[in-house]
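Here's the structure, in structure tokens; my notes come after.
Bear in mind the structure is a predicted one, so any value in this text is a computation, not a measurement.
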Amino acid sequence: MTKALNLQSVKIENRSLILYTLCREGELSRKELATKLGLTPAAVTKICAGLIEKGFIRELGEAEQEGRTGRREILLALCLDDKLCFGINAEKDAVTLSVSTLAGKLLRKKRLPFIEDVDSVIENACEFLEEFGQRDKFSGAGVCIIGSPDEDDFGIWKESALASKMEKAFGMPVVIRNNVKAFAESELIYGKTKSTGSVLFLKWGPGVGSAIITNGIVFTGNDSSVTEIGHYIVNPAGSRCRCGRFGCLETEVSEEAIQKELTAQQPLDEMLKNCDNNTVNILDHKINMVALALANTATILGTDNIVLFGAMFNNAFVADKLKKQCTRYNSNLGEDMIKVSSLNADGDYIGACAVCAKKFFFESEE
């Protein structure tokens, strides 16, 4: 029995490796996959046959092979465009419902004010799904929340068996993840950070969060907050944070905190378009706090790259100033090692899409 389980685990792992490799590197032949993954051609051929049968990959034309004769290799590619994901992304200020392909292409979305009552969220989600239709094309649903889905006293929507409740309502499998870690997953699947060694991922928008990517895997740890830069204490005399501590980075530099200091009524993104001297001075102070936290964390981790994600980085002044401050505090960080994510404009749906693709496509056990 144990031997059979081990063989099945190896098969599932190899299957995922093939799918992730095609995602990372694009079209490849069976021979190229075998070489890159250290598998036998026979094993790759057998696994690929199953993936083709289930509609996960497809054969393309013959590969170009200059100067070679004989049978040409057939290229393989992922089949993501015909599979759909339903997404729910919860932020402090809004809940976004979305439908996208597993390739990351948005088809429809609806933005709602933040809703504390999860039953109301589910009701809105069911209406949204009913209007869209095409239920047979959905692989599943990805739900991104603030905090941890595993801790009743930290995450939003403190509901026991939330995934099961949503699965019953939506009629499809559901995966729930911390939103920042979900965005980090999206960077691995759809962004430009395909592998590399150690990557520090920072989200700065309504709140502040972080994740660590190590050798292509988003680190979670035993404690969901272990990699959470937003809860580093930067001002012991500061306000009480939702985590119970005082002066956390998030309480000091969140959009809400900045707006309070500016005593402004208009949305922060509007103020950032035309910064006056007062706004610039306040932003300088906030950016410096974030830079210190990033530089210190990068020093401990030996980070190769820092990826910036979130509404604050839609403003070039904020992004450029943060890069300069980080390199000032940590000489091992060059500005070319700190980049705004290419997915920044897709933040209200791409994380949900990524965790859905990871769970129900790339790491599916079917």
I'd like to know whether Lys137 forms a side chain to side chain contact (heavy atoms under 4.5 Å, CB included) with Asp82, so could you lay out the CA-CA distance, the side-chain angles of the two residues, the decisive distance to 0.1 Å, and finally the verdict. CA-CA 7 Å; Lys137 293 186 177 181; Asp82 61 341; over 6 Å; no

Picking from Val253, Val318, Ile282, what satisfies side chain to side chain contact (heavy atoms under 4.5 Å, CB included) with Ile287? Val318

Should Val280 and Leu283 be marked as a side chain to side chain contact (heavy atoms under 4.5 Å, CB included) after you check the CA-CA gap, both sets of side-chain angles, and the distance that decides it? CA-CA 5 Å; Val280 169; Leu283 283 176; 5.7 Å; no

Does a side-chain heavy-atom distance below 4.5 Å link Leu202 with Leu322? yes

Show, in sequence, the C-alpha distance, side-chain angles and deciding distance for Phe309 and Phe201, and conclude whether the ring pair (Phe, Tyr, Trp, His ring centres under 6.0 Å) test is met. CA-CA 8 Å; Phe309 192 96; Phe201 184 91; 5.6 Å; yes

For Arg58, does the CZ atom sit with more than 12 other heavy atoms under 6.0 Å from it, leaving out its own atoms? no

Using side-chain heavy atoms (C-beta onward) and a distance below 4.5 Å, is Glu25 in contact with Glu32? no

Side-chain touch Lys105/Tyr190, heavy atoms, less than 4.5 angstrom: no

Salt bridge (Lys or Arg N to Asp or Glu O under 4.0 Å), that's the test. Do Glu131 and Lys110 meet it? Break it down for me. CA-CA 12 Å; Glu131 291 172 3; Lys110 182 177 182 180; 5.4 Å; no

Please examine the side chains of Thr297 and Tyr232, heavy atoms only from C-beta on, and report whether any two atoms are closer than 4.5 Å. yes

Could you state whether Val355 and Val99 fall into the same hydrophobic cluster, counting links through intermediate Ile, Leu, Val, Met, Phe, Trp or Tyr residues with side-chain heavy atoms under 4.5 angstrom apart? no

Yes or no on side chain to side chain contact (heavy atoms under 4.5 Å, CB included) for Thr101 and Leu80, after CA distance, side-chain angles and deciding distance? CA-CA 7 Å; Thr101 68; Leu80 293 169; 6.0 Å; no

Given Met312 and Ile258, is the side chain to side chain contact (heavy atoms under 4.5 Å, CB included) satisfied, shown in steps? CA-CA 11 Å; Met312 290 297 290; Ile258 295 172; 3.8 Å; yes

Are any of the side-chain heavy atoms of Leu97 and Leu112 separated by less than 4.5 Å? yes

Taking every heavy atom of Ala169 against every heavy atom of Cys126, the minimum-distance pair comes out as O-SG, 3.6 Å

Can you tell me how far the NZ atom of Lys36 sits from the CD1 atom of Ile18, to the nearest 0.5 Å? 13.5 Å

Value for CG (Asp304) from CD1 (Ile213), rounded to nearest 0.5 Å, stands at 11.0 Å

Mark yes when over 12 heavy atoms from residues, nucleotides or ligands other than Lys286 sit less than 6.0 Å from its NZ; otherwise mark no. yes

Joint cluster assignment, Ile233 & Leu292, ILVMFWY side-chain distance < 4.5 Å: no

Only residue of Phe360, Phe170, Phe132 satisfying ring pair (Phe, Tyr, Trp, His ring centres under 6.0 Å) with Phe86 is Phe170

Charged N-O contact under 4.0 Å between Glu250 and Lys92: yes

May I ask you to test the Leu294-Leu200 pair for a side-chain heavy-atom distance under 4.5 Å? yes

If hydrophobic clusters are built from ILVMFWY residues whose side chains come within less than 4.5 Å, do Leu107 and Phe138 share one? yes

Are Val174 and Val95 in one and the same hydrophobic cluster, where Ile, Leu, Val, Met, Phe, Trp and Tyr link if side-chain heavy atoms are under 4.5 Å apart? yes

For residues Arg30 and Ile52, report the shortest heavy-atom separation together with the two atoms involved. NH2-CD1, 3.5 Å

Using a strict cut-off of less than 4.0 Å between a Lys/Arg side-chain nitrogen and an Asp/Glu carboxylate oxygen, indicate whether Lys109 and Asp348 qualify as a salt bridge. yes

Name all residues meeting the side-chain hydrogen bond (donor to acceptor under 3.5 Å, both in side chains) criterion together with Lys321; count only those two or more places apart in sequence or in a different chain, and write none if there are none. none

Which heavy atom in Gly104 sits nearest to a heavy atom in Tyr349, and how many Å separate them? O-OH, 2.7 Å

Centre of Phe56's six-membered ring, under 6.0 Å away, within 45 degrees of the axis: is that where NZ or CZ of Lys83 sits? yes

Looking only at non-hydrogen atoms, find the nearest pair between Leu76 and Leu22 and report the distance. O-CD2, 3.7 Å

When rounded to the nearest 0.5 Å, the distance separating CG of Leu60 from CD1 of Ile74 is 9.0 Å

Hydrophobic cluster identity match, Leu84 and Val175, side-chain contacts under 4.5 Å: no

For Asp284, is there any backbone N or O sitting under 3.5 Å from a side-chain donor or acceptor partner on Asn288? no

Does any non-hydrogen side-chain atom of Val199 lie less than 4.5 Å from one of Ile212? no

Just by modelled atom types, is the Phe362 backbone N or O under 3.5 Å from a matching donor or acceptor in the Ser16 side chain? yes

So for atom CD, which belongs to Gln134, do other residues, nucleotides or ligands contribute more than 12 heavy atoms lying within a distance under 6.0 Å? yes

Report the distance from atom OG of Ser210 to atom NZ of Lys203, rounding to the nearest 0.5 Å. 11.5 Å

What are the two closest heavy atoms between Leu333 and Cys326, and how far apart are they? CD1-O, 4.2 Å

Could you go through the salt bridge (Lys or Arg N to Asp or Glu O under 4.0 Å) check for Lys181 and Glu185 one step at a time? CA-CA 6 Å; Lys181 290 179 174 58; Glu185 293 287 2; over 6 Å; no

When rounded to the nearest 0.5 angstrom, what is the spacing between CD1 in Ile350 and OG in Ser100? 6.5 Å

Donor-acceptor check, side chain of Ser186 to backbone of Phe183, threshold 3.5 angstrom: yes or no? yes

Ile338 side chain reached by Thr327 side chain, heavy atoms, under 4.5 Å: yes

Is a side-chain N or O of Lys323 found less than 3.5 angstrom from the main chain of Lys339, in a donor-acceptor match? no

For the atom pair CD1 (Ile57) and CG (Leu75), what is the distance rounded to the nearest 0.5 Å? 11.5 Å

Non-hydrogen atoms of Asn89 and Cys144 that approach each other most closely: OD1-CB, 3.4 Å

Strictly by modelled atom types, are Asn314 and Asn344 linked by a side-chain donor-acceptor pair under 3.5 Å? yes

